[in-house]
Amino acid sequence: MVPRAFYRRDPRLVAPELLHKVLVAGDRSGRIVEVEAYCGDIDPAAHTYRRRSPRNEVMFGPPGLLYVYFTYGMHWCANAVCGDADEGVAVLIRALAPLDGVEAMRAARPGARVDRDLCRGPARLCQALGITGGHNGADLVTGDRGVTVVDDGVPAPDDPVVTTRVGVSRGAGQRWRWYVRHNRFVSRP
DNA sequence: TCTGCGATAATA
DNA sequence: ATTATCGCAGAC
C-alpha cells in the first residue's frame, strides 16, 4: 500500500514515481507503465482549470482519492488525486502491464485480440479492471472500494521517457507525460 | 506501422 | 463545439 503522504505532493513529482507501482482493482492488477500529470489552475488541459463543478469535485478532494471521469461519450479514465485538498491536481494512469486476473480482463475486453491491448490506454485499462464512475471518489490509500496502489518493491525507473501529453490541444507543449522506456504496454511510444 | 474517421454523450 | 479515447478501414 502507498501512504497518503506519497500523493500529497506536486503531481509532476508523483507521476514518475508512480511508474512500476501496481494498480489493483478487486482480483485484477497491473503494473503502471505510463502516466500524465494534470496541474489545476496553471494547466489549461486540466478539468480543474476553471471552476469547481459536480464532475471535477473529487479532483479537488484530498490526496489519495481516485478521480474517474467519463469522456467521448463512452470511456472511463482514472486518476490519482495529488497535492493538497482544493488544489485540483492529479495523475492520469495511461497504461498498465497486466499482472493478475488476466482471464477476467480478457472477458471484460472481448475486443482485445492480444493481451498487449488489454490495458494499453487510459480507457482500455479501466475497462479491463472494471473501473467505472461507480469508483469515483474511492480511497486508494484505505482501499475502501477495492481499488488501491501497491508498492511491491520494484523501484521506479531512473530513466523514464518524458514527452508531451497525449490528446490535449490546450496546454499542449508541457512535457508532463512519463513512461517506462522500451515497454511494449505503453499506449503510444 | 501510420493515418483518418465514426461512435457517442457530458460539459461548457 | 469540444473532448485527458478507441477500434476499424485503408494505404504503404
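Within every chain, numbering begins at 1; the chains are lettered A, B, ... in the order of the sequence lines, protein sequences first and strands thereafter.
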>> Are the side chains of A:L129 and A:V24 in contact, using a 4.5 Å heavy-atom criterion?
In response: no
> Where do A:I32 and A:L18 come nearest, in terms of heavy atoms and distance?
Replying inline: CB-O, 3.6 Å
> In residues 81-110 of chain A, which ones come under 4.0 Å of DNA chain C, going by heavy atoms?
Replying inline: A:L92, A:R94, A:R109
> Within 45° of the ring axis of A:F185 and under 6.0 Å from its six-membered ring centre, is that where the NZ or CZ of A:R31 lies?
Replying inline: no
> What nucleotide, of C:dT3, C:dA4, C:dC6, holds the atom closest to the side chain of A:Y72?
Replying inline: C:dT3
> For DNA chain C, what residues of residues 174-187 of chain A have any heavy atom nearer than 4.0 Å?
Replying inline: none
> Which pairs with one or both residues in residues 8-20 of chain A pass side chain to side chain donor-acceptor pair (under 3.5 Å), sequence neighbours excluded?
Replying inline: A:R9-A:E17, A:D10-A:R12
> Same hydrophobic cluster for A:L99 and A:V35, using side-chain heavy-atom links shorter than 4.5 Å among ILVMFWY?
Replying inline: no
> What are the two closest heavy atoms between A:L118 and A:A128, and how far apart are they?
Replying inline: O-CB, 3.4 Å
> Just how far, in rounded Å, is P of C:dC6 from CG of A:L118?
Replying inline: 13 Å
> Going by number, which of residues 28-42 of chain A have a non-hydrogen atom under 4.0 Å from DNA chain B?
Replying inline: none
>> Going 5' to 3' along DNA chain B, which are the first and last nucleotides with any atom under 4.0 Å from a heavy atom of chain A?
In response: B:dA7 to B:dA12
> What is the distance, rounded to the nearest whole Å, between atom CG of A:D117 and atom C1' of C:dG7?
Replying inline: 10 Å
> Mapping A:M74 and A:G111 to their closest nucleotides on DNA chain C, which lands nearer the 5' end?
Replying inline: A:M74
> Looking across every strand, which nucleic acid part, if any, lies under 4.0 Å from A:R124 by heavy atom: base, sugar-phosphate, or nothing?
Replying inline: sugar-phosphate
> Roughly how many Å is it from CZ in A:R120 to P in C:dA4, rounded to a whole number?
Replying inline: 21 Å
> Which part of the nucleic acid, if any, lies within contact of A:G167, taking any heavy atom under 4.0 Å across all strands shown: a base, the sugar-phosphate backbone alone, or nothing?
Replying inline: sugar-phosphate
> If two hydrophobic side chains count as joined below 4.5 Å and joins carry through other members, does A:L140 share a cluster with A:Y69?
Replying inline: no
>> Tell me whether the rings of A:W76 and A:F70 are parallel (<30°), tilted (30 to 60°) or perpendicular (>60°).
In response: tilted
> Does the side chain of A:N136 reach to within under 4.5 Å of the side chain of A:Y67, using non-hydrogen atoms?
Replying inline: yes
>> I need the minimum non-hydrogen distance between A:Y49 and A:D41, along with the two atoms involved.
In response: CE1-O, 3.5 Å
> Which part of the nucleic acid does A:A123 contact within heavy-atom distance under 4.0 Å: base, sugar-phosphate only, or nothing?
Replying inline: sugar-phosphate
> Which dot-bracket string describes DNA chain B (Watson-Crick N1-N3 plus N6-O4 or O6-N4, or G-U N1-O2 and O6-N3, all under 3.5 Å; [ ] crossing; | other strand)?
Replying inline: |||||||.|||.
> Which of these, A:R106, A:R109, A:R120, sits in a side-chain hydrogen bond (donor to acceptor under 3.5 Å, both in side chains) with A:D115?
Replying inline: A:R106
>> Show the nearest heavy-atom pair for residues A:A78 and A:L92, with the distance to one decimal.
In response: O-CD1, 3.4 Å
> So which heavy atom on A:R28 is nearest to which on A:G101, and how close?
Replying inline: CG-O, 4.0 Å
> Tell me: CZ of A:R116 to P of C:dG7, nearest whole Å?
Replying inline: 13 Å
> Should the heavy atoms of other residues, nucleotides or ligands under 6.0 Å from CZ of A:R175 be counted, would the total exceed 12?
Replying inline: no
>> Are the side chains of A:M105 and A:C119 in contact, using a 4.5 Å heavy-atom criterion?
In response: yes
>> Just the rounded figure in Å: distance from C1' of C:dG7 to CZ of A:R113.
In response: 10 Å
>> For a quick test of reading the model, state the closest non-hydrogen atom pair linking A:R170 to A:A45 and the distance between them.
In response: O-CB, 3.3 Å
